[in-house]
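To start, the structure under review is shown below, and the notes come after it.
When reading the values below, keep in mind they use all heavy atoms of this one structure, side chains included, and skip hydrogens, waters and symmetry mates. Because the structure is a prediction, the values reported are computed rather than measured. Order of the sequence lines fixes the chain letters, A, B, ..., with proteins taken first and strands second; residue numbering starts at 1 for each chain.
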Amino acid sequence: MIVEETYDCRDSFADELVRLAHADSRIVAVCNDSVGSSKLGAFAKEFPDRLVNVGIAEQDMVGVGAGLANAGLVPFVCGAATFLTARALEQIKADVAYSLANVKLCGMSPGLSYGALGPTHHSTEDLSWLRAIADLPVVVPADPAQTRAAIRWAAGTDGPVFLRIGRFPVPDVSPPGDDPAFTYGRASRLREGEDATIVATGTMVSRALLAASLLAERGVSARVVNVSTVSPLDREEIAAAARQTRAVVTAEEAVPTGGLGAAVAEVVLATRPVPMRLLGPRTFAPTGDPEFLLEHFELTADGIARSALEVLGLDHS
Amino acid sequence: MIVEETYDCRDSFADELVRLAHADSRIVAVCNDSVGSSKLGAFAKEFPDRLVNVGIAEQDMVGVGAGLANAGLVPFVCGAATFLTARALEQIKADVAYSLANVKLCGMSPGLSYGALGPTHHSTEDLSWLRAIADLPVVVPADPAQTRAAIRWAAGTDGPVFLRIGRFPVPDVSPPGDDPAFTYGRASRLREGEDATIVATGTMVSRALLAASLLAERGVSARVVNVSTVSPLDREEIAAAARQTRAVVTAEEAVPTGGLGAAVAEVVLATRPVPMRLLGPRTFAPTGDPEFLLEHFELTADGIARSALEVLGLDHS
Amino acid sequence: MTLTQATGELLLPDHEAIGAWRRLRDRLAHADRDTAAAALAALAGDIRRTVISTIAGAGLGHTGGDLSVTDILTTLYGAVLRIDPARPGWPDRDRLILSKGHCSVALYTTLTTCGYFPAERLRAFAAPMSPLNGHPSRRAVPGVETSTGPLGHGLPVGVGVAVGLRLRGSPARTVVVLGDGELQEGSNWEAAMTAAHRGLASLTAVVDRNGLQQGARTSDTNGLEPLADKWRAFGWEAVEVDGHDHLALLDALTAPRGDRPRCVIARTVKGRGVSFMEDRVEWHHKVPDAEQARLALEELR
Amino acid sequence: MTLTQATGELLLPDHEAIGAWRRLRDRLAHADRDTAAAALAALAGDIRRTVISTIAGAGLGHTGGDLSVTDILTTLYGAVLRIDPARPGWPDRDRLILSKGHCSVALYTTLTTCGYFPAERLRAFAAPMSPLNGHPSRRAVPGVETSTGPLGHGLPVGVGVAVGLRLRGSPARTVVVLGDGELQEGSNWEAAMTAAHRGLASLTAVVDRNGLQQGARTSDTNGLEPLADKWRAFGWEAVEVDGHDHLALLDALTAPRGDRPRCVIARTVKGRGVSFMEDRVEWHHKVPDAEQARLALEELR
Ligand SMILES: Cc1ncc(C[n+]2csc(CCOP(=O)(O)OP(=O)(O)O)c2C)c(N)n1
Ligand SMILES: Cc1ncc(C[n+]2csc(CCOP(=O)(O)OP(=O)(O)O)c2C)c(N)n1
Ligand SMILES: [Mg+2]
Ligand SMILES: [Mg+2]
């Protein structure tokens, strides 16, 4: 097995934010005593006046973000994804989305990446929670290049955005030369295939690619689609998968029946209903490190490949 | 047109709660300055000591509910659905669901029933938000009989429950003699049909029945299924619909891509993928009264029937 | 970004009303206190009458809180805020955030007296596709800085505005108008703490202390006293004034400031100005019928 | 209701430890102050050492806050709470809620000293399928009253417990242990207001006032002072004590009560007992390596 280099996307986020802040004095950061976990240390050093750490107060944090936007600034509001979303959901709905405030919500360390810190710290519900809110783009970069490109896009767009910034180490998945690595509203087909399509987001994209390799060994040709804008979904790309392949598997580090899985399911059903399997955690996690938990929930290359075989009716191994 | 008598399910809720509280001294009510809108006036009069009105403080309200449960009581925590869920979502996740606390969360006046009070007061995201939380049954009664039966069931069950108590006037839809009118985890088939299935919840059930009548006039035989337990879903009943009818339409006063629609879609895709249409609001609502808004979002008998025809490929009127 | 809310016709500035408002501001700038008091009282009377007829016409509204907050809004828009209703997006405008967003009709009406949009448009309050829904939407209503309605949102946003304006070197000030029952929401205390920590001397909170919330007295629901002490313990200046005395409000809102945010606790009467509504909890969101509206308008004449 | 969390092996009472704990409680009930102080100091020392080895073994934990809260938990479990570790569901037990749930290792360890479950099980802290995850789960750990981890949840739950126990006529008391940084969460002030309004004299909040939060000093992040004034303005009794002086804590926790909830502000040192950890923000969630653990254990001997 080739050991690829992997990255914590928070580093790319932090680095790009500092770079952008040099060029655009309107960029500010807001956080909830999360300078360290949001990787805002360098930002704090370079722009001490432009970091608003409100302490442990997520409702205040999001409201302050909306206020900063009102004053003409471009706030990046950063906190652990679960606290940012669970604790300030009404602020996200009313102050940001319904007010169309120019706020960039950055949910750090989402999914199961807090591992043994337990379900109170896992952010697996966030995609369901945020997709339900109108006018709130939900963006989930899959690797460092996408993270940087997504931040750049967000900074340059007037309006609310939620960015899900992964902590779990991921390899590069963006095709070299793909520039920009992220295009708002567009999914990218990372591998062609005819039998089944694996639709993945965030940390699951690299695993989907590995799963496709495993499936190839079994003679199954699997397409891999990286959905980095979970809301609004790239309906065309999903519709193409439904029309051109015989099965669809979705994989996400989130509750699938309200997250990516549900979004894809709707398009598949409206296009050409083919069998689907939605992978993702559906229960509170047991104790364990992130790698263990991903295995527990079958969010591995093996698990994805197995699901694809099952849904194709080929699981008689 | 026959004008049926319609009811505000909050009245049935309130009445049944008082009745139960007479029989079981552990039952208490908690609210957020919502004695009136939660219809707790009679409860307050009969059991002044057993009503804990914490004022306008939803996080406190849900936490207090969890604490009361810890002390051996059976709290019904009542507030407008949007504030209860949006403002206290982390308390619902951590203090209630993850703690398996014996708390009955009662989301009053959900969906679009606050009409011209606007999107900040509409609770259309709640089904997506709550379905994503593990171990939290989500119950949506469709009429007075179901409301009463659901409250009785909730009071007698040890564990968390969310009850969505409608304000928008609805007629009786439960078949006479159906006792209990609500069975946890079971959907009920209110009308047989072979061509398509309309799966509806809450306020939409009576409209689904009307839609089926309209469809019958067009020679289309539509089954109607009332899903009063949205989570966990009655997979068998939905699977039967997928196997036995050629199309499925879901209707709910909630964002469908994380609510009932998404739940049904997954089962359809895993059983026998047939074309589906998911009805429900997907944007912030314009100004207007509830009836106007339901029309705006095609949540009418006409709208449901039209969707069924479309998804059956019969929309060339 | 596409707006998904259909907002019907846009609300555009009413230049005639803007002219009248500018003349009023000029007059007040040079008036003695008695003249100023009379002018503001007249304006408040106009607003109260329009509030009553708008709510009665629409069949929707929060009559009690509208009438208790009227003098606060009148003073702010009539004599304090540096704004330009012709340019609601002027970067250096003072910001007013009505955190108790259920009192939208008082706000909408006050905005029309400044000319943000024509008073006739109030007739569409709560009507299908109207930009004027039951709670103020930033998308649809010029002069509305942030959408409110859920309580406890305004102060955090106000803190952000004040921090942001300071960062940008703007002299603009930020005022957040809060309900008293609303202060039971902990989000306010988060924001209060942040405001004090950051020494936001350009931020003012005005509490409409009418002693009633939706269902009962605040003191019977979850008592707020000693309220001024709470603000002081959270690092704010706090003053208490008669919330129906325009000059007292004016003084409190314009007094020289130290390095701290200021809370003005405005003692008010819910339903103020209409005898049968005053201090009666049921008028929180009761709508006057035709006869009640007639009586109310008579009393307010 | 099916539990969807796999919790691995159940945690069952350790009857030997329960016996030892009962003897300690008996001894303390009749001891003079010096003897009591020595016994509690010995217990605290045991707990601190186990905390260090548990965290070092698991490679996970919040060392600083565990060590600052140890003496508070020691005093409560060693001499104050009316509990029966053999019957964690006893309806009339006193309730302890560790709102600063990240300091689970201090809690778990303290629970083993009472015999809620065997100390050996601490070795499974944070291990796959272990009932002992990084934050205390009510599902899995006997003695844990509510799952914590997100800050600002404990006090509202404590208020509900206290209201409920009073309704049921139970004499049991409720204690909520809070971080100081945690008090920036507004949910605490919602609960504080409710507790005072309802005169919850059986409710005690203990604030672990170590002056540090996750990333910096509280005073550099969002300052909390004057902290006692805040509690008093919210209707509580407030006392400040040395949070590492068991007898001072004991006095504050057992002093006769009026009709109000009480807040004990316990002045502590984060990382207390280990020179290179004391008052250093990086030890909030830093894990000692083998050498650091050895040094720490030596200092704690
Ligand atoms: C978060 C939230 N919870 C509940 C409500 C429902 N509600 C609307 S107005 C109101 C009472 C407000 O009382 P107060 O703040 O004193 O306002 P006023 O007396 O000035 O009308 C309540 C509970 C709400 N709008 N938002
Ligand atoms: C709602 C929420 N926001 C953020 C965090 C992340 N967090 C964990 S511990 C901590 C600092 C807590 O500081 P303090 O309350 O002073 O605890 P102590 O110093 O005793 O460790 C933070 C911010 C959290 N657990 N919950
Ligand atoms: Mg009031
Ligand atoms: Mg601390």
Side-chain angles (χ1 to χ4, degrees), chain A residues 25-33 47-75 77 87-103 133-137 154 157-161 184-185 232, chain C residues 1-5 7 89-93 95-97 99 101 133 135-141 144-170 172 174 176 185-195 197-198 200 202-203:
Chain A
S25 65
R26 298 171 310 149
I27 289 180
V28 293
V30 189
C31 75
N32 59 340
D33 189 19
F47 311 104
D49 295 345
R50 287 157 64 185
L51 174 70
V52 186
N53 181 355
V54 300
I56 310 169
E58 290 75 17
Q59 297 191 77
D60 190 30
M61 171 171 69
V62 174
V64 165
L68 287 162
N70 175 291
L73 298 165
V74 182
V77 174
R87 206 58 168 276
L89 199 65
E90 197 181 64
Q91 280 74 17
I92 292 176
K93 173 182 168 180
D95 309 355
V96 179
Y98 180 52
S99 292
L100 279 181
N102 190 22
V103 174
I133 297 177
D135 297 333
L136 181 66
T157 302
D158 187 16
V161 180
Y184 171 61
Chain C
M1 188 82 29
T2 36
L3 308 205
T4 62
Q5 185 188 30
T7 54
W90 175 36
D92 285 336
R93 71 193 179 277
R95 266 70 164 182
L96 183 292
I97 294 171
S99 191
N133 84 35
H135 295 89
S137 165
R138 175 175 178 263
R139 296 183 177 217
V141 189
V144 169
E145 303 288 350
T146 184
S147 305
T148 53
L151 295 163
H153 285 236
L155 199 57
V157 175
V159 168
V161 172
V163 171
L165 291 172
R166 183 167 68 184
L167 259 177
R168 287 194 34 253
S170 170
T174 306
V176 180
E185 287 286 0
S187 47
N188 292 301
W189 303 104
E190 294 179 4
M193 204 183 277
T194 305
H197 183 77
R198 300 192 164 259
L200 298 180
S202 68
L203 178 67

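Neither the backbone nor the side chain of A:V62 comes within less than 4.5 Å of any heavy atom in chain C. Only the side chain of C:R198 comes within contact range of chain A, with at least one heavy atom under 4.5 Å from a heavy atom of that chain.
Of the inter-residue distances, the one linking A:Q59 atom CD with C:E185 atom CD reads 7.0 Å to the nearest 0.5 angstrom. Interatomic distance, C:L151 CG to A:E90 CD, rounded to the nearest 0.5 Å: 9.0 Å. Atom CG of A:D60 and atom NE2 of C:H153 lie 12.0 Å apart (nearest 0.5 Å). The CZ atom of C:R93 sits 5.0 Å away from atom CG of A:N70, with the distance rounded to the nearest 0.5 Å.
Scanning both residues, C:V157 and A:A66, for their nearest heavy atoms gives CG2-CB, 4.2 Å. The two atoms that bring A:A94 and C:P150 nearest to each other are CB-CG, 4.2 Å, heavy atoms only. In terms of heavy-atom proximity, C:R95 sits nearest to A:A71 at NH2-CA, 3.7 Å.
Highest contact tally toward chain A, considering only C:P156, C:G152, C:G164, is held by C:P156 [criterion: heavy-atom pairs under 4.5 Å]. Counting heavy-atom pairs closer than 4.5 Å to chain A, the top-ranked of the candidates C:D92, C:L167, C:V159 is C:L167. In terms of heavy-atom pairs under 4.5 angstrom with chain C, the leader among A:K93, A:R50, A:E58, A:Q91 is A:Q91. The greatest number of non-hydrogen atom pairs below 4.5 Å with chain C, out of A:V54, A:N53, A:V52, is found for A:V52.
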Problem set entry | Test salt bridge (Lys or Arg N to Asp or Glu O under 4.0 Å) applied to A:D95 and C:R138, step by step | CA-CA 9 Å; A:D95 309 355; C:R138 175 175 178 263; over 6 Å; no
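The backbone N or O of A:L100 sits nowhere less than 3.5 Å from a side-chain atom of C:R139 that would complete a donor-acceptor pair.
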